[in-house]
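Just so we're on the same page: letters track the sequence lines, and every chain starts at 1. All heavy atoms count here, side chains included; hydrogens, waters and symmetry mates do not.
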Amino acid sequence: KNKKEEEEKWKWWEEERYTDGSKWRFLEHKGPVFAPPYEPLPDNVRFFYDGKNMKLSAPAEEVATFFAKMLDHEYTTKDIFRKNFFKDWRKEMTPEEKSKLTDLNKCNFSEMNEYFKAQSEAKKQMSKEEKQKIKEENERVLQEYGYCIMDNHKERIGNFRIEPPGLFRGRGDHPKMGMLKRRIRPEDIIINCSKDSKQPKPPPGTRWKEVRHDNKVTWLVSWTENIQGSIKYIMLNPSSRIKGEKDWQKYETARRLKKCVDRIRAQYRDDWKSKEMRIRQRAVALYFIDKLALRAGNEKEEGETADTVGCCSLRVEHIKLYPKIDEQEYVVEFDFLGKDSIRYYNKIPVEKRVFKNLQLFLENKQPEDDLFDRLNTSILNKHLQELMDGLTAKVFRTYNASITLQQQLKELTCPDDSIPAKILSYNRANRAVAILCNHQRAPPKTFEKSMQNLQTKIDEKQKQLSTARKQLKTAKADHKASHDDKSKKAVEVKRKAVQRIEEQLMKLQVQATDREENKQIALGTSKLNYLDPRISVAWCKKWGIPVEKIYNKTQREKFAWAIDMAEDDYEF
DNA sequence: CCATAGACTTGATGTTATAGAT
DNA sequence: ATCTATAACATCAAGTCTATGG
């Protein structure tokens, strides 16, 4: 059955693509799944203001529960979070509540908090049957709302559930953290589907904001979110044709860059000498994007988001120049917050010309001034477009990530290694890319402990091994003395045991190395977004590694096109 | 040219399921 | 069989880049 299903999978990559800019001809879906309505708290769960019990109106209570649920989170201790929350909460209160509740510090949400903790505890304690029932209900919703028909195929939708209301959690120092993310109603929803499809029905007694039929876009549902006023979408799953084609195309653009990257590098090196400041700035910025895989760095509206930067938006305060330091010349020290307020720190020697240019760009500037004052992403991308069709700043990240993986795999894979050792090499190659792209993660809370546990296991295994070896020795001696069949068998048994334990030990040691090296590095993002999957598939085929060791089920679905088309000799 | 809206990709983190250990 | 660490999956924020309209 499984095999048959596999064979029947549609190979969209073997079909023609649309060339007229349209994304589909036919689109039918059931619309979004809305967040469940608010359920008021039972009467025994109380809220206190200034030590006094107070029954809140339903709307005020709902917003209060959002805060109560987060009591253990660091967010609720932050001034901006508390200020924004309180301001928005007050908007939901009745006039009486508003006049009474004037100080967040006098609010006591602890009974609510305990109630929700008990709820989630109860959920964990549910019987198997109850859990099974919930699972089945989720599966039913998935079957009904999780798929659409696009052209002649049933495709999986990515996020068919509308985001529930709650308190906005921005990353880093976000000025809007704690604001109320309001509940989305059918009246906020724009539906996109084809004219000749069966249109999704809004819930009884409601209507959609709009139903449109735009086949120049890929989304099925959209709404405007109230924190930044930006638009959110429901789109297809990465396994879909529409996402897969785009992904494939992305790597093809990066491969085209590979063909002309030498020319482009020669060009920007030449531009370091330009008479025009804007060209020098452009050339130095491009050098950073290429060499350090920095992001483009669009301008951001001040006060709307956390203060983060990319290449073009770097400020004077984000770099330091050292003509000479630690035996090295022309060193630039980068220290800034990038996407998601993740710190980028790097101290790196650069070409003398780059260094001199940077000194020039810094002249007569304040720390908060732009480093590249004659440059922005649109100027840069326009220039890149002239150098190569479809070239933008982010193509360099894709290109450098993928080429690094390919090189590292070549360098690190030892033909005679066992499969686990080869996979360690793969992870190391992946890690080199993650480091290049600065993909970090917070070290897991239990990291030290789990590392210790692993070490204990290794120690035990080592003891086991030495015991097994001793036993083998004894068995051999026995055999020498008696030369009978029974003792011969015993030797074989012991030999096998030693071998098995040696393998187990090796596996554990590999695991420990891998985990230690991975402490603060996140491999997922590069694997999913930057590494041409055909490189990995080819590597698997070349060394006889099952592709399941590298890609899990979801990843295999996303990269089905690559798994199907890449041979062992694929070159990025 | 510039600002903004819109569409889509990329990203860390929170939550749930599962595999492996006990 | 149960527990628990990790992997898988879901979530939703935060980027990039293009289109649009003045």
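Sequence order on DNA chain C of the closest nucleotides to Lys300(A) and Gln385(A) puts Lys300(A) first from the 5' end.
Between the OG atom in Ser239(A) and the CZ atom in Arg556(A) there is a gap of 13.0 Å [rounded to 0.5 Å].
Neither OP1 nor OP2 of dA13(C) sits under 4.0 Å from any side-chain N or O of Lys176(A).
As judged by a 4.0 angstrom heavy-atom cut-off over every strand, Pro164(A) is placed among residues touching the sugar-phosphate backbone only. Here Ile342(A) lies in heavy-atom contact (under 4.0 Å) with sugar-phosphate atoms only. In this structure, Lys124(A) reaches neither bases nor backbone, as no heavy-atom distance under 4.0 Å exists between it and the strands shown. Residue contacts for Gln440(A): at a heavy-atom cut-off of 4.0 Å it reaches the sugar-phosphate backbone alone, with no base atom in range.
Ring to ring, Phe67(A) and Phe85(A) are close: their centroids are under 6.0 angstrom apart.
When the C1' atom of dT10(B) is taken as reference, atom CG of Asp247(A) falls 11 Å away, rounded to whole Å.
Side-chain proximity of Lys339(A) to dC17(C), dC8(B), dG11(B): nearest is dG11(B). Between dG6(B), dT10(B), dC12(C), one nucleotide has an atom nearer to the side chain of Asn529(A) than all others, and that is dT10(B).
Arg140(A) pairs with exactly one of Glu136(A), Gln143(A), Glu144(A) by the side chain to side chain donor-acceptor pair (under 3.5 Å) rule, that one being Glu144(A).
Shown here is Lys131(A), whose NZ atom has more than 12 heavy atoms of other residues, nucleotides or ligands within 6.0 Å.
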